[in-house]
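Remember, it's 1-based here, ligands and their atoms both numbered in the order they're listed. Because the structure is a prediction, the values reported are computed rather than measured.
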Amino acid sequence: MSEVSTGPVTVEMIDGVARVTMFGPPVNALGLPLRKALVEALDGIAHDPQATAVLLTGQAKAFSAGADITEFDAAASSPDLRELVAKVEDFPLPVIAAITGVALGGGLELAMAANARIADPEARLGLPEITLGLLPGAGGTGRLPRLVGPARALDMILSGKPVSAAQAHHDGLVDAVFADPAAKDGVRWVAHFALKGDRTRTRDRQEKVEVAHAAPGTVAKLAAVPLHKAKDPYAAQAAVDAITAGIEVSFETGAQLEREKFDERRQSPESAAQRYLFTAERAARKPRNLSTGVGRRVARAGVVGAGTMGSGIAMALAAAGIPVTIVEAEQDALDRGLARIVDNLATSVAHGSRTEAAASSERALIETSLNYGALAAADLVIEAAFEDLQVKKDIFATLERHVRPDAVLASNTSYLNIDVLAAGTAHPERVLGMHFFSPANVMPLVEVVRGAQADAEALATGFELVRRIGKTPVVVGVCHGFVGNRMLEVRSAQAERLLVEGALPGQVDRVLTDFGFRMGPFAMGDMAGLDIGWRNRKAQGLTAPVSDAICKSGRFGQKTGAGFYAYEGRDRQDDRFVAELIEGVSAELGIVRRPICDQEILDRLTFPMINEGARILAEGIADRSGDIDVIWVKGYNWPAYRGGPMWYADQVGLAHVAERLQHYALLTGDESLQPSPLLGQLADDGTTFGGDSR
Ligand code: CAA
């Protein structure tokens with residue numbers, strides 16, 4: 001066996017098979033140095049008379065995570081990814097990609113240009129470009145449909161979700177799955193392929209696209225559902241256009257269109273926003289005031305409360321293989337919680353997102369009890385009881401009598417003061433907040449609330465647990481509503497005021513859906529149930545004249561068939577009754593209603609949130625403006641292609657935001673709209689919030 005190393009690429013000759021190994025830690029991103037080294041290595045092999053075939057693989061934890069995202073601010077230098085992919089596809093010898101870890105984006109495109117793909121059972125393959133506001137840029141829109149058919153290709157490209165090796169094998173994306181495909185068995189497989197394999201280039205494979213090619217319009221029909229679900233409509237449409245051309249006209253025409261659309265998207269503000277979020281999310285994993293790596297591994301967890309949140313949290317833990325015990329005060333509540341879990345697992349099996357076996361092993365990890373003593377072995381307990389300080393204080397007091405002295409105690413409160421809760425315990429150093437979002441088994445965000453007295457180990461235990469269950473943790477400080485709900489309250493207050501001043505729910509909601517939210521605040525309120533907010537306001541002695549009046553009329557949202565809208569099933573309609581009720585509230589308050597334009601609605605809903613975000617930063621509740629953006633995109637569905645509220649503010653200009661806030665404060669007499677000191681100062685300095693800067 002001979003070995004040649006060209007920087008990040010090693011070539012070993014094993015029984016006539018040239019094993020080419022990429023080594024660009026951590027994930028073999030295909031930046032210029034790696035591309036150059038690969039081209040050089042392939043050129044060398046092409047001239048090596050001993051070589052009969054190439055096995056292309058990657059060391060580190062990936063075959064390759066694709067193009068180097070940090071290179072996207074400029075056009076790619078030669079050899080670009082397309083040149084490298086063409087070199088592989090037109091190589092004089094058979095090339096087989098051996099995939100361990102992930103093959104994503106350009107990494108998978110490189111693998112698809114090979115003559116065949118073999119993969120490790122743990123490998124994951126995908127084209128996640130859409131999550132960066134892009135479409136595949138190195139022939140992926142043409143090659144993937146030729147390997148897996150148009151329907152699967154559309155699904156993978158428009159969702160951006162990777163598939164398992166088993167799924168890829170089933171779909172035809174991978175030719176064989178076995179352990180260590182880059183080792184001895186892989187070399188043997190390649191040698192065999194060199195003798196007997198079908199070397200038709202992927203671009204020339206027509207079987208799986210023949211039907212769609214012969215019937216123009218097929219791709220558009222297949223694309224309708226995944227296009228509607230796609231998070232970035234611009235990148236999604238661009239991808240569909242390229243896929244369609246690649247199938248209905250020719251591979252070359254599709255590739256040409258793909259190139260144009262990729263360059264257009266790469267330079268778009270939508271892609272810049274999503275690339276920023278990619279780094280902001282990774283920056284959030286390195287919190288400034290919390291050491292990671294010092295947490296305890298949670299072998300067993302506990303949850304107090306079997307309501308919607310408690311059962312959702314238990315499901316999230318079990319899905320990550322963590323045994324969990326749910327404790328409730330009443331058998332009925334426990335039964336309802338368990339029924340919810342069983343239902344949810346059954347639905348996910350029916351939808352194909354879980355196998356029957358996975359669902360039953362997750363179910364088996366969840367135990368229930370009416371006795372706090374069942375939590376004696378837990379390393380961490382999450383309290384998810386009724387949102388009331390005294391209720392939670394009592395639970396923490398009971399917990400302390402039953403859990404281990406070193407168990408971490410977390411509250412899933414959405415608003416309450418963690419420090420007050422901690423102060424009531426004998427060991428405040430082990431108390432923190434873990435604010436999940438509903439439904440907790442689905443939503444990807446958890447605010448990890450840094451209690452003032454919590455010690456490094458407790459905080460790291462909570463933080464690392466969130467990572468382990470596949471969610472994004474963002475560390476926040478203690479204040480009413482933390483980061484997300486504190487900003488949401490400001491938005492809700494403005495939404496309510498807009499109604500009183502002259503807008504109607506339909507207009508307000510439409511402005512936010514036009515902006516990119518899935519739902520506006522009133523449709524959202526109707527879905528969540530208006531009575532909850534009403535009860536909370538009453539408890540705090542607060543009022544919201546329109547929302548209170550709607551509730552007083554017995555309309556609590558979808559569950560009562562009426563709220564801010566009238567419902568037939570889930571179909572929402574504007575309701576004359578609501579318009580008249582709102583006009584009545586304005587008259588009662590002596591407010592002369594005026595037409596309010598869409599721009600004012602958008603500004604009045606978003607700029608006060610940004611202002612509150614600036615206060616949050618000034619108070620040190622969030623470490624970075626990027627953390628706030630991650631919270632809003634992951635927890636509240638702020639459209640990712642608009643980067644989050646603070647990024648959005650940086651784009652429209654902080655001076656503009658400050659000027660408009662002053663203007664609206666004057667117009668409405670609402671002094672809370674005045675720019676905060678930090679916003680005012682940054683606006684005067686002509687700077688930005690700075691996003692993800694570490
Ligand atoms: N380019 C540059 N850096 C990358 C990268 C990429 N494609 N993928 C990951 N990284 C970096 C991360 O920024 C991170 O850096 P820091 O340590 O400095 O924070 C480091 O690699 C490790 O990444 P993660 O923290 O994300 O590690 P993980 O184990 O949680 O996840 C992963 C690994 C699944 C590969 C994940 O990083 C990922 O999904 N990466 C992005 C994949 C992607 O979107 N590829 C498509 C690129 S676009 C493309 O290829 C266009 C084209 O068609 C030409």
Side-chain angles (χ1 to χ4, degrees), residues 8 22 24-35 58 60-77 79-86 99-113 122-144 156-157 159-164 231-232 235 238-239 242-243 255 258-267 271-272 274-287 292-293 444 464 466-473 624 626 630 640 692-694:
M22 301 179 260
V27 293
N28 282 328
L30 288 158
L32 185 61
L34 184 51
R35 296 197 303 268
K61 63 181 175 186
F63 173 80
S64 166
D68 185 340
I69 292 169
T70 60
E71 285 186 353
F72 284 150
D73 289 338
S77 318
D80 66 18
L81 203 50
R82 293 170 194 130
E83 292 169 62
L84 176 61
V85 161
I99 299 169
T100 53
V102 292
L104 297 174
L108 180 57
E109 291 179 292
L110 185 64
M112 288 194 293
E122 299 303 316
R124 285 181 303 132
L125 301 86
L127 293 177
E129 285 86 345
I130 192 155
T131 63
L132 299 169
L134 299 167
L135 58 150
T141 60
R143 289 193 185 86
L144 188 60
M156 282 179 70
I157 292 172
S159 75
K161 288 192 185 133
V163 296
S164 65
K231 292 221 166 109
D232 181 331
I243 294 169
E258 178 191 89
R259 191 165 315 152
E260 287 161 18
K261 300 263 175 190
F262 181 87
D263 283 338
E264 175 198 303
R265 284 291 99 209
R266 182 179 62 75
Q267 295 171 67
S271 176
Q274 288 169 90
R275 274 147 41 203
Y276 151 74
L277 279 171
F278 181 84
T279 46
E281 196 186 326
R282 275 143 191 89
R285 291 180 192 167
K286 295 166 190 145
T292 51
E464 285 157 18
V466 177
R467 290 277 282 132
R468 196 167 142 212
I469 62 177
K471 296 190 188 288
T472 300
R624 323 168 175 88
V630 170
D692 54 340
S693 40
R694 303 178 186 194

Say whether [X], considering both its backbone and side-chain N or O atoms, lies within less than 3.5 Å of an N or O atom on ligand 1.
{"X": "Ile69", "result": "yes"}
{"X": "Arg124", "result": "no"}
{"X": "Thr131", "result": "no"}
{"X": "Arg467", "result": "no"}
{"X": "Gly137", "result": "yes"}

Quick check: do [X] and [Y] have side-chain heavy atoms less than 4.5 Å from each other?
{"X": "Ser271", "Y": "Arg266", "answer": "no"}
{"X": "Glu464", "Y": "Thr292", "answer": "yes"}
{"X": "Arg124", "Y": "Leu104", "answer": "no"}
{"X": "Pro136", "Y": "Thr141", "answer": "yes"}
{"X": "Val466", "Y": "Lys471", "answer": "yes"}
{"X": "Val27", "Y": "Val102", "answer": "no"}

Check if Pro128 has a non-hydrogen atom at a distance under 4.0 Å from any atom of ligand 1.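 Heavy atoms of Pro128 do come under 4.0 Å of ligand 1.
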
Glu71 heavy atom under 4.0 Å from ligand 1: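 Contact absent.
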
Per-atom contacts of ligand 1 with [X], taking only distances under 4.0 Å to non-hydrogen atoms:
{"X": "Gly66", "value": "50 (O)"}
{"X": "Gly106", "value": "49 (C), 50 (O), 53 (O)"}
{"X": "Ala29", "value": "1 (N), 2 (C), 6 (C)"}
{"X": "Glu129", "value": "48 (S), 49 (C), 50 (O), 51 (C), 52 (C), 53 (O)"}
{"X": "Leu132", "value": "44 (O), 47 (C), 48 (S)"}
{"X": "Gly105", "value": "46 (C), 50 (O)"}
{"X": "Arg282", "value": "12 (C), 13 (O), 19 (O), 24 (P), 25 (O), 26 (O), 36 (C), 37 (O)"}
{"X": "Pro136", "value": "53 (O)"}

Would you find more than 12 non-hydrogen atoms of other residues, nucleotides or ligands less than 6.0 Å from Glu122 atom CD?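 No, because the 6.0 Å sphere around CD of Glu122 holds 12 heavy atoms or fewer from other groups.
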
[X] side-chain N/O to [Y] backbone N/O, donor-acceptor pair under 3.5 Å:
{"X": "Ser64", "Y": "Asn28", "result": "yes"}
{"X": "Gln274", "Y": "Ala640", "result": "no"}
{"X": "Arg82", "Y": "Ala255", "result": "no"}

Verify side-chain contact (heavy atoms from CB on, under 4.5 Å) between Glu129 and Leu135, making sure each step is shown before the conclusion. CA-CA 5 Å; Glu129 285 86 345; Leu135 58 150; 5.5 Å; no

Using heavy atoms and a threshold below 4.0 Å, how should the contact between [X] and ligand 1 be classified: side chain, backbone, both, or neither?
{"X": "Pro26", "result": "side chain"}
{"X": "Ala67", "result": "both"}
{"X": "Leu30", "result": "neither"}
{"X": "Leu81", "result": "side chain"}
{"X": "Val27", "result": "side chain"}

Is it true that Arg35 and Glu71 make a salt bridge, defined as a side-chain N closer than 4.0 Å to a carboxylate O?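 Salt bridge present between Arg35 and Glu71.
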
